[in-house]
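Each residue takes its place number in the sequence, starting with 1.
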Amino acid sequence: MNVVVVESPAKAKTINKYLGDTYKVLASYGHVRDLPRKDGSVRPDEDFAMAWQVDERSEKQIKEIARALKGAEKLYLATDPDREGEAISWHIEEILRQRNLLKNIDVERVVFHEITADAVRDAFNQPRPVNQELVDAYLARRALDYLVGFTLSPVLWRKLPGARSAGRVQSVALRLVCDREAEIEAFKPREYWSLDAQLATERGDPFTARLTHLADKKLDRFDIADEATAQAAKAAIEAADLSITEIERKRTKRNPRPPFTTSTLQQAASSKLGFGATNTMRTAQRLYEGIELGGETVGLITYMRTDSVTLSRDAISGCRALIGNDYGDDYLPAKARIYKTKAKNAQEAHEAIRPTDLFRRPSDIGRYLKDDERRLYDLIWRRTVAAEMAEAQIDQVAVDIDGSTGGLRLRATGSTVAFDGFLKVYRESNDDAPAAANGDASGDDERRLPTMNEGESADRKAVAANQHFTQPPPRYSEASLVKKLEELGIGRPSTYASTLQVLQDRDYVTLDKRRFVPVDKGRLVTAFLTSFFTRYVEYDFTARMEEKLDEISDGQIDWKTVLRDFWDPFSAVAEVTQELRTRAVLDSLDEVLGPHFFPVREDGTDPRLCPACSAGRLGLRVGRHGPFLGCSGYPECRFTRRLSIDGEEADDADVAACPKVLGVDPETGKEVSLRKGPYGLYVQLGEAEGKERPKRSSLPKGMPAADLTLATALGLLSLPRDIAPHPEDGVMIQAGIGRFGPYVKHGPVYVSLEAGDEVLTVGINRAVDLIASKGQKRGGAKALRELGEHPGDKKPITLHEGRYGPYAKHGRINATIPKDKDPAELTLAEAVALVDARAAKGKSPRKTTKAKAAKPKSTKAARAKSANGKATKAKSAKPKTGRKPAVRKTAAPKANAESPAG
């Protein structure tokens, strides 16, 4: 018996079918050990010794592998064909050797780039040892990420309360986002004009031409800079007789793009399919590991983490055979297209991402795939086939029309597709627009001009002067940020998705219309790092570090030498920064971020002047809840403002002297006032009487305090309000404000109001629509099958496929199906055990929590307290809006040493 270890159970299931009964295939479930999240896991003083830890879940997998090895002849390590896969294999072998479990057992490493029967069998015929140079590159990357994370993060916690963590790659990605936002803020739009004439040929066929020359001078973009100049040019066109003086025709060729790499797949999936990087990689992983097609499980695409654009000879032959068969010889170039990788620091040795069998057309296998799988496979298939097709041929026409007076010239341009070539399959559009579902080649390439001849006159119908303004650079989307990171040589195919996700998880950025917008916390972190760790967030420095990691994997440099060269100066900078006074740090950040928070006002007044006392100066301050803007006149002036740009809160002066009395409630005779608490603005009825707290309600997001009236305040204080009974079941529908904002409620169902809905005015029709749409969304995970009745309450247990995988449902209890269990083989008894365990897990008694809280502080907790300063119990003055006050943890947040992927 031979034992094979792969990463995932899905991959294990597929490979097991190929290898037969003499092999037992087990899953490691990814990395089996990692550096513990505590100080001392990497020890520079001991020549960068590293302490590894096997977690509880991985320990079970190691024990299962150990049991399988009893009596085995060989252990095959068949993890993924990249540095991470090599590292997992190394870890497994190291653990087993340390435990003396590999006596008389040969250990071999096998690598395959697609999970098909032939590829797997070929790999097992060509085993090799674990590649130590790839392992060394992994060790260097992991140590670097750990040292940066566990050195920078504590400094951040002390100097910028509220900051989460900092990582080697994520900090540079965050800087890109923040630098782009600063460009946008500093951008000054510039006006310019264009003139378009609606013309007609002598036969009456219409076309459009644009002014290119005026007074015998070729116009640059900003030569017509104002309306007066534009109107003068318009009058000149209207006064002149126009004739066609020159027609230029030429045919251009457009070549297809190469097959997908990891980054180009993420970019195309983002712009064409609307997928996030994480969803793209998760879906591609399923396509790679294997899909069941009519009883046969097969990997549909090659390995999805690669920066290679090359195709194997077999893949090229398959492409050419399919093109000739499906599209004809006209679409088959005379020679095969050979692509070479140009990406900076390209490291992976395998192929581009492609289908394992080009003759598995999307239309043939689509019924076996989930929607996201089908769409992504279709995209990969089209791009691969198009890469080997003939070029497209475009006929371009340029027509010059001269004026009889004024030194005028206009130009009309058009183009037609003479031969669509690869455009028949894959639509080229800079990946900024969705591809045509059927591969239609019409669209932007078709701008036809009517038939014209030189010397003919052109009949002027109308002339339009169009005003334009230059636009700032766009914010980064997931696709464009991945592209930028790749261009700079920062990160690796396996890191892009996790890096972008970490930025969102840390609340450093938000996504607005699928574009990254840095929040003020993220800008503060970037300003801090660029001010005090300048070298280490420079783009070139990070790229050079990636090059050194590549040199390690090539055996050109010792990995510990790289670590020493990095650690000595880095630790010195961290030590100096650690000793700086917080006030000095804040003053530096205040200077850097001043133009952002306090842009120059048009009226020339000082944006930093305190609106409350009209004497103090606003600047960056820090409290236990994090940074904010406050008056230099504290404590005499207590005006504060959240981190926001001057002018965003137009009501600053109105609320500076809160509480502000709005009027008297006619029912109770109590004053209604506007107040400001640590969580924002709220209205309050009366004052506290003994232990009874007054009624309060938060102002909805976007409601200006300056526009708040007594009537609106009383409406907010009356929430939640009854709207009307639901027309179907008679249950009252209510509207209110909760922890996630305004909502409507029907029984146990809460639905957030959308933009444009007002909590005080939303009516029954709109409320019913919102509730119905929520029901449709919740109904998306349809039951795959009913397993039977629960023996306890006789209610049905059903099997579902959800966003995060299969689960069993019993009433309101959802129990996840274990990864190593095939949902198709799940029995009623097993489902009952799962839902009962899930139900029991949700009923944890309070005294358990109290018992945990009563435990003496650990060394880790003591360090956390030291990092954060003296722990203080925060008293919440939060309004009663149904939102529970946030619990402030006394333990320091975990440092981000970045994932093993780096």
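At least one donor-acceptor pair closer than 3.5 Å links the side chain of Arg460 to the backbone N or O of Ala240. The backbone N or O of Arg203 sits less than 3.5 Å from a side-chain atom of Thr201, completing a donor-acceptor pair. A distance-only check finds a donor-acceptor pair linking the side chain of Arg382 to the backbone of Val425 [under 3.5 Å]. The closest donor-acceptor contact from the side chain of Arg337 to the backbone of Met389 lies under 3.5 Å. Distance alone, capped at 3.5 Å, places no donor-acceptor pair between the Glu246 side chain and the Ile244 backbone. The closest donor-acceptor contact from the side chain of Gln504 to the backbone of Leu500 lies under 3.5 Å. Distance alone, capped at 3.5 Å, is enough to place a donor-acceptor pair between the Ser632 side chain and the Arg617 backbone. In this structure, Ser270 contributes its side chain and Gln267 its backbone to no donor-acceptor pair below 3.5 Å. Counting only distance, with no hydrogens or angles, the side chain of Arg515 and the backbone of Arg475 share a donor-acceptor pair below 3.5 Å. Looking only at distances, a side-chain donor or acceptor of Thr530 sits under 3.5 Å from a matching main-chain atom of Thr526.
The two residues Ile394 and Ser415 come nearest to each other via the heavy atoms CG2-CB, 3.9 Å. Summarising the geometry of Ala767 relative to Val762, their closest heavy-atom pair is N-CG2, 4.4 Å, with the distance given to 0.1 Å. The two residues Val592 and Ala527 make their nearest non-hydrogen contact at CG1-CB, 4.0 Å. The nearest pair of heavy atoms linking Ala543 to Ile490 is N-CG1, 4.2 Å. The minimum heavy-atom distance linking Arg409 with Leu211 is given by the pair O-CD1, 3.5 Å. Closest approach of Trp193 to Ala465, counting heavy atoms only: CZ3-O, 3.8 Å.
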Practice problem: Show your working on side chain to side chain contact (heavy atoms under 4.5 Å, CB included) between Thr470 and Phe187 and close with a plain yes or no. | Solution: CA-CA 9 Å; Thr470 54; Phe187 181 81; 3.2 Å; yes

Practice problem: Assess whether side chain to side chain contact (heavy atoms under 4.5 Å, CB included) is satisfied between Leu199 and Thr208, documenting all intermediate values. | Solution: CA-CA 6 Å; Leu199 308 177; Thr208 302; over 6 Å; no

Quiz item: Can you list the steps and then say if Phe207 with Thr413 is a side chain to side chain contact (heavy atoms under 4.5 Å, CB included)?
Solution: CA-CA 9 Å; Phe207 65 98; Thr413 58; over 6 Å; no

Quiz item: Which is it for Leu410 and Leu242 under the side chain to side chain contact (heavy atoms under 4.5 Å, CB included) test, yes or no, and what are the steps along the way?
Solution: CA-CA 9 Å; Leu410 297 92; Leu242 303 176; 4.1 Å; yes

Practice problem: Give the intermediate values and the outcome of salt bridge (Lys or Arg N to Asp or Glu O under 4.0 Å) for residues Arg608 and Asp590. | Solution: CA-CA 11 Å; Arg608 285 185 180 265; Asp590 184 80; 3.1 Å; yes

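Applying the salt bridge (charged side-chain N to carboxylate O under 4.0 Å, His left out) criterion to Asp606, with sequence neighbours excluded, gives no partner residue. Taking the ring-ring contact (aromatic ring centres under 6.0 Å, His included) definition, one finds that Phe419 meets it with Tyr331, sequence neighbours left out.
Counting heavy atoms of neighbouring residues, nucleotides and ligands inside a 6.0 Å radius, atom CG of Asn453 exceeds 12 of them. Dense packing is recorded around CD of Glu238, with more than 12 heavy atoms of other residues, nucleotides or ligands lying under 6.0 Å away. Under a cut-off of 6.0 angstrom, the local environment of CD in Glu183 is crowded, with over 12 non-hydrogen atoms contributed by other residues, nucleotides or ligands.
Comment: Asp420 does not engage Arg427 in a salt bridge, judged by the lack of any side-chain N to carboxylate O separation of less than 4.0 angstrom. In this structure, Asp757 pairs ionically with Arg766, as a charged nitrogen and a carboxylate oxygen lie closer than 4.0 Å. Under a 4.0 Å N-O distance rule, the pair Asp459/Lys461 qualifies as a salt bridge. Glu185 and Arg523 are joined by a salt bridge, as a carboxylate oxygen and a charged side-chain nitrogen come within less than 4.0 angstrom of each other. Using a 4.0 Å cut-off between charged side-chain N and carboxylate O, Glu486 and Lys483 make no salt bridge. Ionic pairing of Lys253 and Glu391 is present here: one or more N-O contacts between side-chain nitrogen and carboxylate oxygen are shorter than 4.0 angstrom.
Distance check, rounded to the nearest 0.5 Å: CG of Asp205 to CG of Leu449 gives 11.0 Å. Remark: Leu609 CG to Ser614 OG distance equals 5.5 Å, nearest 0.5 Å. Note that OH of Tyr476 and CG of Leu176 are 5.0 Å apart. Values are rounded to the nearest 0.5 Å. For the atom pair CG of Leu485 and OG of Ser480, the computed distance is 9.5 Å after rounding to the nearest 0.5 Å. Separation of atoms CZ (Phe422) and CZ (Arg383) is listed at 9.5 Å; rounding is to 0.5 Å. Here Arg254 contributes atom CZ and Thr252 contributes atom OG1; the two are 7.0 Å apart, rounded to the nearest 0.5 Å.
Contact check for Asp507 versus Lys521: side-chain heavy atoms found under the 4.5 Å cut-off. Inter-residue side-chain proximity for Leu524 and Leu589 is flagged as met; some heavy-atom pair is nearer than 4.5 Å. For the pair Pro607/Pro599, no side-chain contact is recorded, criterion being any heavy-atom separation below 4.5 Å from C-beta on. Here the side chains of Leu662 and Leu708 are in contact, with some heavy-atom distance below 4.5 Å. Side chains of Leu273 and Leu379 form a contact here, defined as non-hydrogen atoms less than 4.5 Å apart. Proximity of Glu388 to Ile323: side-chain heavy atoms (C-beta onward) are separated by under 4.5 Å at one or more points. Residues Leu674 and Leu699 are in side-chain contact: their nearest non-hydrogen atoms beyond the backbone lie under 4.5 Å apart. For the pair Phe598/Leu629, a side-chain contact is recorded, criterion being any heavy-atom separation below 4.5 Å from C-beta on.
At a cut-off of 3.5 Å, with distance as the only test, no side-chain donor of Tyr508 or Asp520 sits close to an acceptor on the other residue. A donor-acceptor pair shorter than 3.5 Å cannot be found between the side chains of Glu478 and Gln266.
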Report, one line per pair, each donor and acceptor closer than 3.5 Å where one atom sits in a side chain of residues 217-227; sequence neighbours left out.
unit_1	atom_1	unit_2	atom_2	d
Arg221	NH2	Tyr192	OH	3.4
Asp223	OD2	Asp220	N	2.7
Asp226	OD1	Ala228	N	3.3
Asp226	OD1	Thr229	N	2.8
Asp226	OD1	Thr229	OG1	2.7

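For Lys272 and Tyr426, the positive end sits near the middle of the six-membered ring, less than 6.0 Å away and at most 45° from its axis.
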